[in-house]
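Fair warning: this is a prediction, and the values are worked out from it, not measured in the lab.
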Amino acid sequence: MFRFFKNVFNAIVIVLACVGITTLWQQHAFDKITENITDMFSTDKTKIEAEVGDFSSVNPEYNIGSAVKVMGYKTVVAQHSNSGQRMIIVDSGKKSLLSEEDIKGDGVKLKLEELSKKFKHNSTSIENMVITEKGYMNAYGQRVPYVKFNAKVSNFPKSNISGIVSVVDSDAENQKLIVSINDKDHYSEIIATEFFKNIKDAKNNP
């Protein structure tokens, strides 16, 4: 299990966040592992969180559980206290992972599937992805495109998930991938958009 979680961050969290991290987190499978990863990479949660964004206006019902920096990628993971829904932000700096044009384009499903295949862990993979909706939401003081999806995660108990993927790429120095996921029966668009709309640009982003 430790090797699995290490791979999540080595693969920049992105696809594995979309393929079942919520299920494992709800089962508290990552509690000790998160502590070990933090020690291994000398994570300064407060500093990394401040570099990724200003979260001071986010409602207290959203708990920022972890903030790590691995290989130049800064990742913040938050949880909605009542629903268990996860919100993930990956700040990839200058290294674009997806663009706003990718999200708006007709080929976004293929792009996401390619990322899933590239970063999948052993037998765990995302299957039967269906893009159910496209739209816009607010994040970092901007109007950004998103896609909503349903998918199945192989080899997990609650394998049917729903979520959104969005990108903030107006600043070439700080590309951000935004993800929110939950099991399909409990995913809430309101929970996701309420969190992201209250994030502001980082006060301390070198």
Side-chain angles (χ1 to χ4, degrees), residues 1 4-35 37-38 43 45 48-49 52-53 55 58-70 73-92 97-98 112 115-116 119-121 124-126 129 132-133 137 139-140 144 146-168 176-199:
M1 181 64 73
F4 173 77
F5 198 72
K6 181 180 177 182
N7 285 344
V8 171
F9 285 104
N10 283 346
I12 324 304
V13 179
I14 308 157
V15 174
L16 292 182
C18 297
V19 298
I21 195 171
T22 296
T23 300
L24 290 180
W25 228 306
Q26 287 173 337
Q27 297 170 355
H28 304 287
F30 288 158
D31 289 355
K32 282 190 173 294
I33 298 168
T34 303
E35 296 173 5
I37 288 290
T38 297
T43 301
K45 179 177 179 290
I48 294 166
E49 181 181 327
V52 171
F55 296 87
V58 171
N59 192 297
E61 65 185 319
Y62 298 91
N63 175 52
I64 297 177
S66 64
V68 299
K69 181 177 181 179
V70 179
Y73 292 79
K74 291 170 280 192
T75 301
V76 171
V77 180
Q79 178 186 7
H80 183 253
S81 57
N82 291 329
S83 68
Q85 187 159 314
R86 298 284 162 171
M87 277 59 64
I88 302 106
I89 301 173
V90 181
D91 186 335
S92 59
L97 301 167
L98 283 175
L112 293 174
L115 282 174
S116 176
F119 295 126
K120 74 176 183 178
H121 173 75
T124 302
S125 62
I126 190 166
M129 177 181 284
T132 61
E133 180 183 315
M137 67 179 188
Y140 287 88
V144 296
Y146 74 85
V147 291
K148 183 178 179 182
F149 68 91
N150 294 330
K152 181 178 175 63
V153 183
S154 64
N155 299 321
F156 281 92
K158 294 182 179 180
S159 59
N160 293 312
I161 61 170
S162 292
I164 59 170
V165 179
S166 181
V167 172
V168 179
K176 295 180 181 69
L177 184 75
I178 292 173
V179 178
S180 181
I181 54 170
N182 208 343
D183 67 87
K184 188 175 180 180
D185 292 336
H186 297 97
Y187 175 78
S188 167
E189 198 86 356
I190 294 174
I191 289 173
T193 56
E194 181 66 22
F195 176 79
F196 292 121
K197 78 176 185 181
N198 287 312
I199 301 172

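Counting only heavy atoms from C-beta outward, the side chains of His186 and Asn182 approach each other to under 4.5 Å. With a 4.5 Å cut-off on side-chain heavy atoms, Val147 and Ile164 do not count as touching. A heavy-atom distance below 4.5 Å is not found between the side chains of Lys197 and Met137. Here the side chains of Phe196 and Val58 are not in contact, with every heavy-atom distance at 4.5 Å or above. Using a 4.5 Å heavy-atom cutoff, the side chains of Leu98 and Leu112 are in contact. The shortest distance between side-chain heavy atoms of Asn160 and Asp183 does not fall below 4.5 Å. Between Lys74 and Val90, every side-chain heavy-atom pair lies at or beyond the 4.5 Å cut-off.
With sequence neighbours left out, Phe195 forms a ring-ring contact (aromatic ring centres under 6.0 Å, His included) with Tyr62. Lys184 pairs by the salt bridge (Lys or Arg N to Asp or Glu O under 4.0 Å) definition with nothing, not counting sequence neighbours.
Contact detail for Ile181 and Phe149: the closest heavy-atom pair is CG2-CZ, 3.9 Å. When all heavy atoms of Gly53 and Ile199 are compared, the pair lying nearest together is CA-CG2, 4.4 Å. The two residues Tyr146 and Ser166 have their closest heavy-atom pair at CB-CB, 3.8 Å. Considering every non-hydrogen atom in both Met87 and Ala192, the closest pair reads SD-CA, 4.4 Å.
For the residue pair Gln85/Ser188, the side-chain donor-acceptor check at 3.5 Å is not satisfied. For the 3.5 Å distance criterion, the side chains of Ser81 and Asn63 fail to qualify, holding no donor opposite an acceptor.
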Open item on the list: I'd like to know whether Phe55 forms a side chain to side chain contact (heavy atoms under 4.5 Å, CB included) with Val76, so could you lay out the CA-CA distance, the side-chain angles of the two residues, the decisive distance to 0.1 Å, and finally the verdict.
Closed with: CA-CA 11 Å; Phe55 296 87; Val76 171; 4.1 Å; yes
Task: Stepwise side chain to side chain contact (heavy atoms under 4.5 Å, CB included) check, Leu177 with Val165 - done: CA-CA 7 Å; Leu177 184 75; Val165 179; 3.9 Å; yes
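Rounded to the nearest 0.5 angstrom, Ser180 OG and Glu194 CD are separated by 12.5 Å. Rounded to the nearest 0.5 Å, atoms CD1 (Ile178) and NZ (Lys176) are 8.5 Å apart. Note that CD1 of Ile48 and CD1 of Ile64 are 12.0 Å apart. Values are rounded to the nearest 0.5 Å.
Among Val68, Val52, Asp91, the single residue meeting the side-chain contact (heavy atoms from CB on, under 4.5 Å) criterion with Thr75 is Val68.
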